[in-house]
Structures are given as C-alpha cells and as structure tokens.
Amino acid sequence: MQKLIMKHKKYLLFVVTIVLIGILLGIIYYQLLDNNTKNDILNTLANFNTFKYNAILKNLIILSTLLISSFFGIGIFLSIFYIFYEGISWGFLLNIFYASFKIKGIIYFFLYLLINKLLVFILIVFFTYKVINISRYVIGYLLYKNSETSKKILINFRKCLYSILIIFIIDIVLYYVSPIIFNSLKFLLK
C-alpha cells in the first residue's frame with residue numbers, strides 16, 4: 001500500500017489540495033448565505049426525520065458521464081471539477097452541522113463522511129486517475145496511432161467499469177444500512 005501511495009504521491013497531493021480548497025470554499029459559501037437562507041437550512045435539518053442516504057443514481061450518472069467524456073479529452077477537467085465539488089459539499093455540510101449542533105454536529109458529520117462517503121470517494125479518486133489516463137492515451141493515440149496505446153485505453157476503461165460497479169454495490173448497501181446507523185445516532189442532533 002505504501003509503495004502505491006509513493007508511486008502516485010503527486011497525484012494524491014494534487015487531489016488532497018483540490019479537496020481542501022473545495023472544503024474551504026464550501027465553508028466560505030455557507031458564511032456568505034443570507035440569514036434567512038441559513039435559518040431555512042437549519043429549520044429543515046432540525047425537522048428532518050429520515051436519514052436515508054441515496055447516491056445510487058447520482059453516482060451512476062456522474063461516473064458514466066465522466067467515463068464517456070474521457071474519450072473526448074474533457075474527462076480530465078470534469079473529473080477534477082467533480083472532486084473539487086465533493087470538497088465544496090463537505091465544507092458546506094460541515095458548516096451546517098456545526099452551526100446547528102456545534103461539537104455534536106461535527107462528530108455526526110465525520111461519522112456521516114466516514115460511513116457514507118469515504119470509501120466511495122477513495123474509489124472515485126482511483127476512477128478519476130483512470131479517466132485521466134484514458135484521456136491522455138486517447139490524445140496520444142490520435143497523435144501517434146500506437147497500438148500499445150489502444151491496449152492501455154482498454155485496460156483503463158475496464159478498471160473504470162469495475163470501479164463504477166463496486167461503487168454501485170456500495171451505494172446499494174448504504175441505501176439499506178445507512179438509515180439504521182444514522183437513526184441510532186439521532187441523539188447527537190439534539
């Protein structure tokens with residue numbers, strides 16, 4: 001595992017930087033909202049009773065779009081933007097839970113992130129790396145017509161499909177397991 005991390009150190013550092021910038025912008029975005037909008041968000045959260053996590057369709061659509069766009073070269077930018085967007089949403093959620101429930105809200109947020117988002121996000125980071133490779137290899141194939149490049153495109157495409165399948169399975173499991181866990185953690189949101 002350590003060799004894998006060291007091999008992709010620059011890419012992982014880039015991803016961490018993008019996520020941290022996104023989190024910071026998500027926090028700033030929440031602070032810039034007017035008080036009425038903030039109050040509406042806090043009231044909605046306080047009166048929310050169902051904690052069912054459902055990202056099945058969202059992840060399928062987004063990941064499929066990113067994979068298809070990788071063959072046109074724009075997958076690189078869209079994938080990086082998606083990671084950035086995830087960071088923004090984490091920062092926004094963190095601020096909402098802190099504003100609503102203080103320290104208990106932060107604990108709840110980190111449990112939410114750990115259970116519902118972390119494994120899927122790690123797979124999305126892997127997926128993004130493969131999408132970037134596909135885009136690079138497609139551009140290289142168009143320029144040099146190398147048959148080895150087409151094999152690399154196919155290998156990365158398969159790995160992307162496996163990632164989508166694994167994320168799909170995880171999302172289905174979370175759809176059923178997540179409400180049980182988070183309904184038992186409701187006491188943190190009081």
If you draw a 6.0 Å radius around OH in Tyr11, do more than 12 non-hydrogen atoms from other residues or ligands fall strictly inside?
yes
Using 0.5 Å steps for rounding, measure from the CG atom of Asn59 to the CD1 atom of Ile170.
10.0 Å
For Tyr129, which residues count as a side chain to side chain donor-acceptor pair (under 3.5 Å) partner, sequence neighbours excluded?
His8
If you measure from OG1 on Thr37 to CG on Leu32, what distance do you get to the nearest 0.5 Å?
11.5 Å
Spell out, yes or no, whether Leu33 and Leu93 are grouped together once hydrophobic residues are joined by side-chain heavy atoms under 4.5 Å, including indirect joins.
yes
CG (Leu165) and CG (Leu123) are apart, to the nearest 0.5 Å, by 11.0 Å
Any idea how Tyr82 and Tyr85 line up, ring-wise: parallel (<30°), tilted (30 to 60°), or perpendicular (>60°)?
parallel
Can you tell which of Trp90, Tyr98, Phe101 makes a side chain to side chain contact (heavy atoms under 4.5 Å, CB included) with Phe109?
Trp90
Ile155 vs Tyr137 side-chain heavy atoms within contact, under 4.5 Å:
no
Roughly how far apart are Ile181 CD1 and Ile115 CD1, rounded to 0.5 Å?
4.5 Å
State, with a plain yes or no, whether a side-chain heavy atom of Thr128 is found less than 4.5 Å away from one of Val15.
no
Return yes when atom CZ of Phe121 has more than 12 non-hydrogen atoms of other residues, nucleotides or ligands closer than 6.0 Å, and no otherwise.
yes
Rounded to the nearest 0.5 Å, what separation is found between the CD1 atom of Ile88 and the CD1 atom of Ile27?
11.5 Å
Can you pull out every salt bridge (charged side-chain N to carboxylate O under 4.0 Å, His left out) where at least one residue sits in residues 156-175? Sequence neighbours excluded, please.
none
Scan for side chain to side chain donor-acceptor pair (under 3.5 Å) pairs involving residues 21-31, sequence neighbours excluded, and state none if there are none.
Gln31-Asn95
Shared hydrophobic cluster for Tyr162 and Ile169 (ILVMFWY, side-chain gaps under 4.5 Å)
no
Linked hydrophobic residues, Leu154 as query - side chain contacts closer than 4.5 Å:
none
Where do Leu94 and Ile106 come nearest, in terms of heavy atoms and distance?
CD1-CG1, 4.2 Å
Contacts of Val16 that satisfy side-chain contact (heavy atoms from CB on, under 4.5 Å) - sequence neighbours left out
Leu20
Would you say Ile18 and Phe126 are hydrophobically clustered, going by side-chain heavy atoms of ILVMFWY under 4.5 Å?
no
Residues forming a side-chain contact (heavy atoms from CB on, under 4.5 Å) with Asn36, sequence neighbours excluded
Asp34
Apply side-chain contact (heavy atoms from CB on, under 4.5 Å) to Ile139 and list each qualifying residue two or more places apart in sequence or on a separate chain.
Leu143
For the residue pair Asn35 and Lys38, establish whether any side-chain heavy-atom pair is separated by less than 4.5 Å.
yes
Within 6.0 Å of CZ in Phe168, more than 12 heavy atoms from elsewhere
no
Distance, nearest 0.5 Å, that separates CG of Leu161 from NZ of Lys130
13.0 Å
Linking Ile, Leu, Val, Met, Phe, Trp and Tyr through side-chain heavy atoms less than 4.5 Å apart, which residues share a cluster with Leu118?
Leu114, Ile122
With sequence neighbours left out, the residues meeting salt bridge (charged side-chain N to carboxylate O under 4.0 Å, His left out) with Lys151 are Glu148
List in chain and number order the residues that pass salt bridge (charged side-chain N to carboxylate O under 4.0 Å, His left out) with Lys102, two or more places apart in sequence or in another chain; answer none if no residue qualifies.
none
Is there a chain of hydrophobic side chains (I, L, V, M, F, W, Y, each step under 4.5 Å between heavy atoms) that links Phe84 to Ile80?
yes
Please tabulate, for the side chains in residues 63-79, all donor-acceptor contacts under 3.5 angstrom to protein atoms that are two or more places apart in sequence or on a different chain.
{"unit_1": "Ser64", "atom_1": "OG", "unit_2": "Leu60", "atom_2": "O", "d": "2.7"}
{"unit_1": "Thr65", "atom_1": "OG1", "unit_2": "Ile61", "atom_2": "O", "d": "2.7"}
{"unit_1": "Ser69", "atom_1": "OG", "unit_2": "Thr65", "atom_2": "O", "d": "3.1"}
{"unit_1": "Ser69", "atom_1": "OG", "unit_2": "Leu66", "atom_2": "O", "d": "2.9"}
{"unit_1": "Ser70", "atom_1": "OG", "unit_2": "Leu67", "atom_2": "O", "d": "2.5"}
{"unit_1": "Ser79", "atom_1": "OG", "unit_2": "Gly75", "atom_2": "O", "d": "2.7"}

Would you kindly confirm whether Leu13 and Ile21 end up in one hydrophobic cluster when ILVMFWY residues are joined by side chain heavy atoms under 4.5 Å apart?
no
For Phe97, check ring-ring contact (aromatic ring centres under 6.0 Å, His included) against everything at least two apart and list the hits.
Tyr108
